[in-house]
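Residues take their numbers from the sequence shown, with the count starting at 1. From a predicted model like this one, the values you see are computed outputs, not experimental measurements.
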Amino acid sequence: MKYLAAACSALALFASAACADEFSLHGVRLGMPAQEAALLLEEACPGKCMSYRAGGPGGIGEQTVYLRYQTIYFSNTRQVEVDRSKPYESVSYTLGPDRTVIAVLGRVFGSATRADEYFEKMAAAYRGPLQAFTEQKKLLVTAKGDLSTDHLFRFYEPALQGRKFTVSKLADQYGATAVAHHVDFDAVRAIERSQPEQFAEIRRSLGIGVKQDGSPQLEPRETSSLEARNAQQLTPIRGAFVSQLSEGAERIEVIAEDAQSPSRILLNGQQVAQASFAEDGLTYEGLRSLGGGLFEISVSQSGNGCYAQGHTVLRVQDGQGYLSESFGRCDGFIARNGATHYFVYASTESEPEWVLALP
């Protein structure tokens, strides 16, 4: 945990006239050197601002600075954390291996009025062309879109080009969140071309595209706002997790991890996958049928909190098993409508509502 130096002077929210046509957040904009971005945010801090760094594959890293926040003190670890259940404002910027900014993200959490003000200010600050975000993923500038819930999934997704700007907001019983996000996907593609193996591994681990052996990958997709609202009204699939079950001619079994061997998923006695905490950071624990040839596998992942509770989906087709990578979090349910399964996750104090669909 680190703190940025404080300065009394406040910085204007947006860039100078020379950058009037390019979005910036507290002066931080795409293409800016990391040192310059850090100095600008130091000047924007009203006090000792808490800052977090995170590294990633391909030399990509992220810095998050909480400009306005409340803290929690943990007496057992003598650590101070940001209390994300209280009002806060943060700025994050993502750096490429050359230490220049390739993405900048601003977020506020608090009252509905505060979120509305932030949303309108950010939408007005962007001077670029506002276009529709299409399924072809070529026109990458949008306003008033849905709140992105998984930065890595979107950030490393293949085929995205150009620059994308999104501004969004969400209100629930905990409060309201507004987000502005500007990404240079051309810079991401350049990094990918220089390190294709690392990007291929990232996508494999996130369940994007196909597996390394070329077999089909199960890939839940994000839903539109209307589809998400309809999914929330569906009846959840009920049923306890078990270690084995039979459905038609197929027999599926999950063998839990023990001190001698990793957890395993078996289909008709043949191993589909194995995983252990030590080697893979997760372990398989049980299964239940979702209907339509799909089976949910309960997954426990390294770490703690909501994201330590996930699942993966096994599709059985023509005697073969195809397994998705692990995804999801706690506070969720699964429902089926026709041939589509919906994974609905409730909002928490730090995450918005999230709905995925698996055809």
Side-chain angles (χ1 to χ4, degrees), residues 149-150 153 205-207 211 215-221 223 231-317 319-348 351 353-359:
T149 57
D150 193 329
F153 193 96
S205 66
L206 292 174
K211 296 182 181 179
S215 60
Q217 181 69 264
L218 292 174
E219 183 183 342
R221 61 173 174 82
T223 59
Q232 296 168 38
Q233 308 305 316
L234 298 174
T235 301
I237 294 174
R238 307 291 184 186
F241 286 91
V242 296
S243 60
Q244 60 184 17
L245 58 81
S246 296
E247 192 166 287
E250 316 296 355
R251 185 172 182 272
I252 304 96
E253 184 177 4
V254 172
I255 300 176
E257 181 176 0
D258 58 31
Q260 286 74 42
S261 59
S263 62
R264 292 179 290 157
I265 302 174
L266 305 180
L267 173 62
N268 299 325
Q270 300 298 310
Q271 182 169 295
V272 175
Q274 70 174 37
S276 68
F277 270 124
E279 297 294 328
D280 307 288
L282 59 87
T283 187
Y284 305 124
E285 295 190 324
L287 79 155
R288 63 174 180 166
S289 175
L290 300 178
L294 291 184
F295 301 87
E296 178 190 6
I297 311 295
S298 176
V299 173
S300 286
Q301 303 178 116
S302 297
N304 52 28
C306 202
Y307 282 95
Q309 305 171 42
H311 39 221
T312 182
V313 176
L314 175 70
R315 171 171 284 159
V316 177
Q317 186 174 355
Q320 299 293 316
Y322 302 97
L323 189 69
S324 77
E325 298 297 333
S326 60
F327 65 96
R329 55 180 168 85
C330 65
D331 296 325
F333 70 86
I334 304 173
R336 183 181 179 187
N337 185 26
T340 302
H341 289 79
Y342 290 97
F343 299 79
V344 181
Y345 305 96
S347 58
T348 69
E351 293 291 344
E353 193 170 71
W354 187 26
V355 181
L356 298 173
L358 183 64

Visitor: Return the CD1 to CD distance between Ile252 and Gln244, rounded to the nearest 0.5 Å.
Guide: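 Reported value, rounded in 0.5 Å steps: 10.5 Å.
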Visitor: Is a donor on one side and an acceptor on the other found under 3.5 Å between the side chain of Ser276 and the backbone of Pro262?
Guide: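 Between the backbone of Pro262 and the side chain of Ser276 there is no qualifying donor-acceptor contact (under 3.5 Å).
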Visitor: Any donor-acceptor pair under 3.5 Å linking the side chain of Ser263 with the backbone of Ala275?
Guide: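 Yes, the answer is positive, given that a donor and an acceptor are paired below the 3.5 Å cut-off.
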Visitor: Would a distance-only check, ignoring hydrogens and angles, find a side-chain to backbone donor-acceptor pair under 3.5 Å from Arg329 to Ala346?
Guide: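 Judged by distance alone, yes, a pair lies under 3.5 Å.
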Visitor: How many angstroms lie between CD1 in Ile265 and OG1 in Thr312, if you round to the nearest 0.5 Å?
Guide: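 Answer rounded to 0.5 Å: 6.0 Å.
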Visitor: I need the minimum non-hydrogen distance between Glu250 and Asn268, along with the two atoms involved.
Guide: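 Of all heavy-atom pairs spanning Glu250 and Asn268, the closest is OE1-ND2, 2.7 Å.
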Visitor: Would you name the heavy atoms of Ile237 and His341 that are closest together and state the gap between them?
Guide: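 That closest heavy-atom pairing would be CD1-CD2, 4.1 Å.
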Visitor: Under the criterion side chain to side chain contact (heavy atoms under 4.5 Å, CB included), I'd like the reasoning laid out for Leu287 against Leu314: C-alpha separation, chi angles, the key distance, then a yes or no.
Guide: CA-CA 9 Å; Leu287 79 155; Leu314 175 70; 5.9 Å; no
Visitor: Keeping the roles fixed (side chain from Thr223, backbone from Val355), state whether a donor-acceptor pair exists under 3.5 Å.
Guide: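 At least one qualifying donor-acceptor pair exists.
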Visitor: Please report the closest heavy-atom contact between Glu247 and Ser289, naming both atoms and the distance.
Guide: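 Scanning both residues, the minimum pair turns out to be OE1-OG, 2.6 Å.
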Visitor: As an exercise, state the distance from CG of Leu323 to CZ of Arg315, rounded to the nearest 0.5 Å.
Guide: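 One finds 12.0 Å between CG of Leu323 and CZ of Arg315.
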Visitor: Please find the pair of heavy atoms, one from Thr340 and one from Ala357, that lie closest to each other, and give the distance.
Guide: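 Closest approach of Thr340 to Ala357: CG2-CB, 3.9 Å.
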Visitor: Which pair of non-hydrogen atoms, one from Ala273 and one from Tyr284, has the smallest distance, and what is that distance?
Guide: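 The pair with the smallest heavy-atom distance is CB-OH, 4.0 Å.
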Visitor: Does Arg288 reach the main-chain N or O of Leu290 with its side chain, forming a donor-acceptor pair under 3.5 Å?
Guide: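 Not a single qualifying donor-acceptor pair exists.
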Visitor: Roughly how far apart are Gln232 CD and Phe333 CZ, rounded to 0.5 Å?
Guide: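 One gets 7.0 Å once the value is rounded to the nearest 0.5 Å.
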Visitor: When you compare the side chain of Val254 with that of Ile297, does any pair of heavy atoms fall below 4.5 Å?
Guide: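 Ile297 vs Val254: side chains touch.
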Visitor: Pair Phe241, Glu296 - check side chain to side chain contact (heavy atoms under 4.5 Å, CB included), show working.
Guide: CA-CA 9 Å; Phe241 286 91; Glu296 178 190 6; 3.5 Å; yes
Visitor: Please report the shortest heavy-atom distance between Tyr345 and His311, naming the atom on each side.
Guide: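 Heavy atoms only, the tightest pair is OH-NE2, 2.6 Å.
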Visitor: What's the verdict on side chain to side chain contact (heavy atoms under 4.5 Å, CB included) for Arg336 and Leu234, showing C-alpha distance, side-chain angles and the deciding distance?
Guide: CA-CA 7 Å; Arg336 183 181 179 187; Leu234 298 174; over 6 Å; no
Visitor: When rounded to the nearest 0.5 angstrom, what is the spacing between CG in Leu356 and CD1 in Ile334?
Guide: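 Result: 10.5 Å between the selected atoms.
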